[in-house]
Amino acid sequence: MSEASVATKVAGETGSAKTYDAVVIGAGVAGLYQVYRLREMGMSVLGIEAGSGVGGTWYWNRYPGARFDSEAEIYQYWFDEAMFKNWQPTERFPAQPETERWLNYVADRTDLRKHYSFGTRVTAAHYDEAGQQWRVETDRGDTVTARFLICCTGMLSAPLSNIFEGQESFKGQIFHTARWPKERVEFVGKRVGVVGTGATGIQVIQTIAPQVGHMKVFLRTPQYIIPMRNPKYTPADWAQQGKRFSEIRDRVQGTFSGFE
C-alpha cells in the first residue's frame with residue numbers, strides 16, 4: 001500500500017497484518033473528514049478508496065450536466081476558516097469538475113492523501129469479538145486490523161447494472177451515470193435513450209439534448225422542474241461570503257439537516 005506509506009509508519013504489526021487504530025472506507029466528503037478528524041485525535045488511520053483519487057460522489061459522477069444542488073458557501077467544511085476563504089467558487093451551484101477540484105484542494109491543504117490506499121477495494125471485513133478488532137481484507141491481497149472500521153461509502157454507491165433483458169446483446173454503447181468514463185463521450189447526431197428522470201436524468205437530458213440527433217426519454221413519474229438561478233461568483237462576491245464564515249457556519253450547524 002505505497003500510497004498509505006506515512007500511515008503505515010505509525011502503525012504496528014500483528015502477524016502479517018498491519019495494525020491501525022482505524023480504517024476508513026471512502027475518500028468522499030465524509031471519508032476525508034473522518035480521516036482528518038481521526039488523525040487530529042492522534043490515531044493511526046488508513047483510508048481505502050476504490051477510485052484513483054479523492055472526491056467520492058464527485059469522482060464517480062462525472063456525467064454531462066452533473067452539478068450540486070446546494071450553494072457553494074453551504075457545502076463546506078467548517079474546521080478551517082482560511083481554507084474556506086482561500087477557495088474561489090465560480091458560481092452559486094458549482095458543476096462536478098469544480099466540486100472535484102475543491103475536494104482535491106481540501107485533500108492537499110490538509111495533507112490527507114498520504115493516509116490513503118487508492119485503487120483498492122475492501123473484499124471482506126470481520127469483527128473479532130475476542131480481540132475486539134476488525135480484520136479487513138482488500139483486493140490487493142492486503143490484510144489490516146483496526147479497532148474501528150468506518151464506512152463512508154455513501155448511500156447510493158452501488159449502481160444498478162444489467163437490469164434489462166437482452167442488455168448484454170445491445171450493439172450500441174451503454175453508460176451508467178454513476179460510472180461515467182473520464183474520456184469524452186460523443187453524442188453529436190446520435191440516437192440516444194435516457195432511462196429515468198430523477199435529478200441526474202434531468203441534468204443529462206438538458207445538457208446533451210442540443211447535441212443529439214434524436215432522443216427518447218423513458219420515465220415512470222414526471223418531475224416538477226423549475227429554473228436554477230445560478231449567478232457567477234466573482235472574487236469580491238466570495239470575499240463577502242468569507243466575512244460571513246462564522247455566521248454561515250453557526251446557522252448551518254444549527255439546522256436539523258446541516259444545510260441552510
Side-chain angles (χ1 to χ4, degrees), residues 1-4 25-32 47-69 72 75 87-91 93-108 112-113 116-123 138-140 152-164 166-219 228 230:
M1 295 184 175
S2 59
E3 296 193 63
I25 305 175
V29 175
L32 292 176
I48 301 177
E49 167 59 43
S52 62
V54 304
T57 293
W58 303 109
Y59 172 92
W60 296 106
N61 290 7
R62 52 183 71 247
Y63 58 84
R67 181 180 299 277
F68 196 60
D69 57 1
Y75 195 59
W87 179 248
Q88 176 58 60
T90 62
E91 52 191 346
F93 302 105
Q96 179 273 333
E98 183 169 305
T99 305
E100 186 181 8
R101 287 195 299 272
W102 168 64
L103 287 167
N104 276 273
Y105 157 75
V106 171
D108 290 337
L112 294 179
R113 296 180 198 276
Y116 270 92
S117 178
F118 293 101
T120 305
R121 288 185 178 275
V122 171
T123 56
T138 77
D139 59 357
R140 290 189 175 188
C152 299
T153 50
M155 60 181 178
L156 301 173
S157 60
L160 295 174
S161 58
N162 298 319
I163 60 174
F164 301 116
Q167 182 174 329
E168 66 283 351
S169 62
F170 180 63
K171 296 293 192 294
Q173 296 174 290
I174 299 178
F175 299 100
H176 194 295
T177 50
R179 292 296 182 268
W180 201 267
K182 292 183 178 181
E183 300 76 23
R184 177 181 173 84
V185 177
E186 185 57 69
F187 290 106
V188 176
K190 300 289 182 65
R191 297 176 65 242
V192 178
V194 178
V195 181
T197 53
T200 297
I202 292 166
Q203 289 175 332
V204 170
I205 292 164
Q206 67 179 357
T207 303
I208 70 172
Q211 309 169 31
V212 304
H214 180 271
M215 175 184 287
K216 178 167 287 190
V217 178
F218 301 87
L219 70 154
M228 173 179 279
N230 191 23

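Residue indices begin at 1 and follow the sequence shown.
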Closest approach of [X] and [Y], non-hydrogen atoms and distance?
X: Gly53; Y: Tyr59; result: N-CE1, 3.6 Å
X: Asn61; Y: Ala178; result: OD1-CA, 3.2 Å
X: Lys190; Y: Glu186; result: NZ-O, 3.4 Å
X: Ser117; Y: Arg140; result: OG-NH1, 3.8 Å
X: Tyr63; Y: Val204; result: CD1-CG2, 3.5 Å
X: Arg67; Y: Pro94; result: CG-O, 3.4 Å

Just do the side-chain contact (heavy atoms from CB on, under 4.5 Å) check on Trp180 and Val185 with the steps written out, would you?
CA-CA 9 Å; Trp180 201 267; Val185 177; 3.8 Å; yes

Test the Arg179-Phe175 pair against the cation-pi criterion, namely NZ or CZ under 6.0 angstrom from the six-membered ring centroid and within 45° of the ring axis.
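Geometry flag: not set, cation outside 6.0 Å or 45°.
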
To the nearest 0.5 Å, what is the distance between [atom1] ([X]) and [atom2] ([Y])?
X: Arg62; Y: Gln96; atom1: CZ; atom2: CD; value: 5.0 Å
X: Ile48; Y: Thr153; atom1: CD1; atom2: OG1; value: 12.0 Å
X: Ile25; Y: Thr120; atom1: CD1; atom2: OG1; value: 11.5 Å
X: Ile205; Y: Thr200; atom1: CD1; atom2: OG1; value: 10.5 Å
X: Tyr105; Y: Glu98; atom1: OH; atom2: CD; value: 12.5 Å
X: Gln203; Y: Asp69; atom1: CD; atom2: CG; value: 8.0 Å

Please indicate whether Leu160 has more than 12 foreign heavy atoms, meaning atoms of other residues, nucleotides or ligands, lying under 6.0 Å from its CG.
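Atom CG in Leu160 is not packed in, count stays at 12 or less.
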
Are [X] and [Y] close enough that some pair of their side-chain heavy atoms sits under 4.5 Å apart?
X: Tyr116; Y: Leu32; value: yes
X: Lys182; Y: Ser52; value: yes
X: Gln211; Y: Pro64; value: no
X: Tyr75; Y: Val29; value: yes

Taking it one step at a time, do Arg113 and Asn104 satisfy side-chain contact (heavy atoms from CB on, under 4.5 Å)?
CA-CA 9 Å; Arg113 296 180 198 276; Asn104 276 273; 2.7 Å; yes

If the plane angle is over 60° it's perpendicular, under 30° parallel, otherwise tilted; pick one for Trp58 and Phe68.
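It falls in the perpendicular class, over 60°.
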
Applying side-chain contact (heavy atoms from CB on, under 4.5 Å), run through Trp87 and Arg101 and close with a yes or a no.
CA-CA 10 Å; Trp87 179 248; Arg101 287 195 299 272; 4.0 Å; yes

